[in-house]
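What follows is a single structure, written as structure tokens, with notes after it.
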Amino acid sequence: MIEIEFNLNLAELVGKKLLTLDIGESISLSQLEARLGLTDGDVGMVLINEAWAPLNGVVMDGDRVKLYPFLEGG
């Protein structure tokens with residue numbers, strides 16, 4: 001089981017701020033995005049257990065995942 005926190009406009013896109021999900025032992029972040037109905041262009045930054053994680057990383061059972069969209073500014 002993992003805990004997922006959606007931040008900024010991802011919370012609006014998914015329709016919730018928090019989600020608990022049973023993933024089995026592990027899942028790639030791209031598989032997680034697909035399972036959540038998100039595309040590769042939706043997620044710009046990932047924290048797993050409060051540490052930055054690469055977008056091609058892996059989520060393990062028991063992890064806490066925070067997903068952020070790409071940020072724009074200038």
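Given the structure is predicted, the values throughout are model-derived calculations rather than measurements. Residue indices begin at 1 and follow the sequence shown.
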| field | Any donor-acceptor N/O pair, K17 side chain to F6 backbone, under 3.5 Å | value | yes
| Side-chain heavy-atom pair M45, K66 within 4.5 angstrom cut-off | no
| query | In a check of side chain to side chain contact (heavy atoms under 4.5 Å, CB included) between L67 and each of L36, L8, L19, which one passes? | reply | L36
| Note, N56 side chain near L29 side chain (heavy atom, < 4.5 Å) | no
| task | Tell me, with the steps shown, if V58 and I27 meet side-chain contact (heavy atoms from CB on, under 4.5 Å). | result | CA-CA 6 Å; V58 175; I27 189 172; over 6 Å; no
| message | Is a donor from one side chain sitting under 3.5 angstrom from an acceptor on the other, for Q31 and S28? | response | yes
| request: Could you tell me which non-hydrogen atom of M60 sits nearest to which non-hydrogen atom of I2, and how far apart they are? | output: O-CG2, 3.4 Å
| query | What heavy-atom pair brings P69 and N7 nearest, and what distance separates the two atoms? | reply | CD-O, 3.4 Å
| task | Report yes if the side chains of D42 and L10 come closer than 4.5 Å at any heavy-atom pair, otherwise no. | result | yes
| query | Which atoms form the tightest heavy-atom contact between I48 and V59, and what is the distance? | reply | CD1-CG2, 4.1 Å
| query | Just how far is it from atom CG of D63 to atom CG of L21, taken to the nearest 0.5 Å? | reply | 12.0 Å
| query | Are V14 and F70 grouped together when hydrophobic residues (ILVMFWY) are joined by side-chain heavy atoms under 4.5 angstrom apart? | reply | no
| request: Could you go through the side-chain contact (heavy atoms from CB on, under 4.5 Å) check for L32 and I4 one step at a time? | output: CA-CA 10 Å; L32 178 61; I4 305 167; 3.9 Å; yes
| message | Any non-hydrogen side-chain atom of L47 less than 4.5 Å from a side-chain atom of Y68? | response | yes
